[in-house]
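Below is one structure, written out as structure tokens, with a few remarks after it.
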Number of protein chains: 2
Amino acid sequence: MNPHTIKVACSNCNLRELCMPLGLSAAELDKIDDVVASRRKVKRGATLFRNGEKFTSLFAIRTGFFKTCVASEDGRDQVTGFQMAGEIVGLDGIVNDHHTCDAVALEDAEVCVMPFDRIEELSREVNSLQRHVHKIMSREIVRENGVMLLLGSMRAEERLAAFLLNLVQRLHARGFSQSELVLRMTREEIGSYLGLKLETVSRTFSKFVEDGIVEVKQRHVRILNTEALKDIVNPKVCN
Amino acid sequence: MNPHTIKVACSNCNLRELCMPLGLSAAELDKIDDVVASRRKVKRGATLFRNGEKFTSLFAIRTGFFKTCVASEDGRDQVTGFQMAGEIVGLDGIVNDHHTCDAVALEDAEVCVMPFDRIEELSREVNSLQRHVHKIMSREIVRENGVMLLLGSMRAEERLAAFLLNLVQRLHARGFSQSELVLRMTREEIGSYLGLKLETVSRTFSKFVEDGIVEVKQRHVRILNTEALKDIVNPKVCN
DNA sequence: CGGTGTGTTGACTACTCTCAACATATGTGG
DNA sequence: CCACATATGTTGAGAGTAGTCAACACACCG
């Protein structure tokens, strides 16, 4: 709501390789800097956008952690994803000019505001940006396909194992540990994402601890046996 | 595999309003005709593309009915969608230049082949095409959000009711009946899509029949009480 | 006219949910 | 800074939904 009016630039942002195309010429980089109109801070618990709100911009997460969730008419809601630095949110709003989900900050966050008409304009001029936008949307489609596979065919342990592996993998790509992570979401939010009740998430964590696969201390998780997690997700077929 | 080489044109296709943007000028329409390189027939049971294949084109379905499905490493697979005339498949391939799912024809079908580099080229020139491509991808993201809600939070009856309502709604938009439909997929494929076993799908159909909500004769389904289906999907909260 | 694929139904199992109690954090106001 | 209120997390017992396994019925196809 209170965009900083200082000039921001992708060209010297250390997250550029995550949210922007690679291999740009200097001239193209100059143009790309205009994609970001401003930055916006979002306090923990606050929404970046809400279902029903007018869509104007995509948001690149600079710092912080978000969840997106959709709601059915009768009030059930479903976490559709967790997003971290370098990831883009808001793609749901393009089709109807209105957002169809909520994006909520799970910790204090800052995002780059990228007005979508400016993105469209620039991507007509900079081919690699056009391609990049297409890839980002396609990636989201493929990610959701994976979640559908998880929700449609996996059991609780498999879901949680897949979830943990996915999280550490993304964190590791951002320079964090491969084996330690701090969950920014509650058991209930994990459960919603995985199609499980919070008690089932808690029990499954406990089972992993019993089996010596992870250590859990509230939201601090240390993975002791990555292979075991992988085996749970993709059970070896016995001959 | 055997594309017809006859000139095809979107400009006089009666499905245009489903797969192409509205309100094009004559000049733009001319250009748009070049998006479709050829047509391709796909026999029932054959694949339009497969996981791992190189991505080159999007496909607009002219006639017929498809399913898309992803597979996990250990062989489980999950139907991620059913597509009918006027809908676009292949978006999953953009991000990595390779498809990540299979598209299988559930009845003899014909598709328009739209090379993606041509789409990108043209959408730099025709703004409404650019916007249209973005909307199609965003629509797919929103659709998948809905499926995640279904898979993550609904019970078997709710899932099947939502599935039937979605199908008739889309068929009705194509001029078919609001109350009668022929399923082009097996109980197992419905089950895979809905995260249920085929026996559960069958039992749930039987329950709907008992309750007088639908008539089912193999794959022929007649909806007797649409309101009841809607109530199942969105249970009324009692005060 | 069999053979195969698909669909239905029954009996039993098992996984996850529900409800509940309790434990442990987190945060706020006195 | 502590006390209390609230939010979050854990665990247990029992219930219920969907899964598994199996038998059978029906349709479609060569």
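Just so it is clear: chains get the letters A, B, ... in the order the sequence lines come, proteins before strands, and each one is counted from 1.
If you check residues 200-207 of chain B against DNA chain D, the residues with a heavy atom closer than 4.0 Å are B/T200, B/R203, listed by number. If you check residues 180-191 of chain B against DNA chain D, you find no residue with a heavy atom closer than 4.0 Å. If you check residues 154-167 of chain B against DNA chain D, the residues with a heavy atom closer than 4.0 Å are B/R155, B/A156, listed by number.
Between A/E158 and B/R76 there is a salt bridge, with a side-chain nitrogen of the basic residue lying less than 4.0 Å from a carboxylate oxygen of the acidic one. A salt bridge links A/E87 and A/R170; the closest N-O separation between the charged side-chain nitrogens and carboxylate oxygens is under 4.0 Å.
Under a 3.5 Å cut-off, the side chain of A/D92 and the backbone N or O of B/V142 do not form any donor-acceptor pair. In this structure, A/H98 contributes its side chain and A/G52 its backbone to a donor-acceptor pair below 3.5 Å.
Summary of helix geometry: the two end axes of the helix from C/dC1-D/dG30 to C/dG30-D/dC1, each defined by five base pairs via their C1' atoms, are inclined to each other by 50° (rounded to 10°).
Aromatic rings of B/F66 and B/F82 (six-membered ring for Trp) have centroids beyond the 6.0 Å cut-off, not under it.
The distance from atom CD of A/E199 to atom P of D/dG12 is 14 Å, rounded to the nearest whole Å. Rounded to whole angstrom, the span from the NE2 atom of B/H220 across to the C1' atom of D/dC26 amounts to 14 Å.
Nearest heavy-atom pair across B/R143 and B/T80 is NH2-O, 2.9 Å.
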Give every pair of a protein N or O atom and an N or O atom of nucleotides 22-26 of chain C that lie under 3.5 Å apart, one pair per line with the distance.
none

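Note: B/S72 OG to B/D77 CG = 8.0 Å, rounded to the nearest 0.5 Å. Note that CZ of B/R187 is 13.0 Å distant from CG of B/L196, once rounded to the nearest 0.5 Å. From A/R219, atom CZ reaches atom OG1 of A/T186 across 6.0 Å, with rounding to the nearest 0.5 Å.
Base engagement by A/L198 is indicated by at least one non-hydrogen atom pair under 4.0 Å involving a base atom.
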Review item, side-chain donor-acceptor pairs of residues 198-208 of chain B, under 3.5 Å, at least two apart:
| unit_1 | atom_1 | unit_2 | atom_2 | d |
| --- | --- | --- | --- | --- |
| B/T204 | OG1 | B/T200 | O | 2.6 |
| B/S206 | OG | B/S202 | O | 3.1 |
| B/K207 | NZ | B/D211 | OD2 | 2.7 |

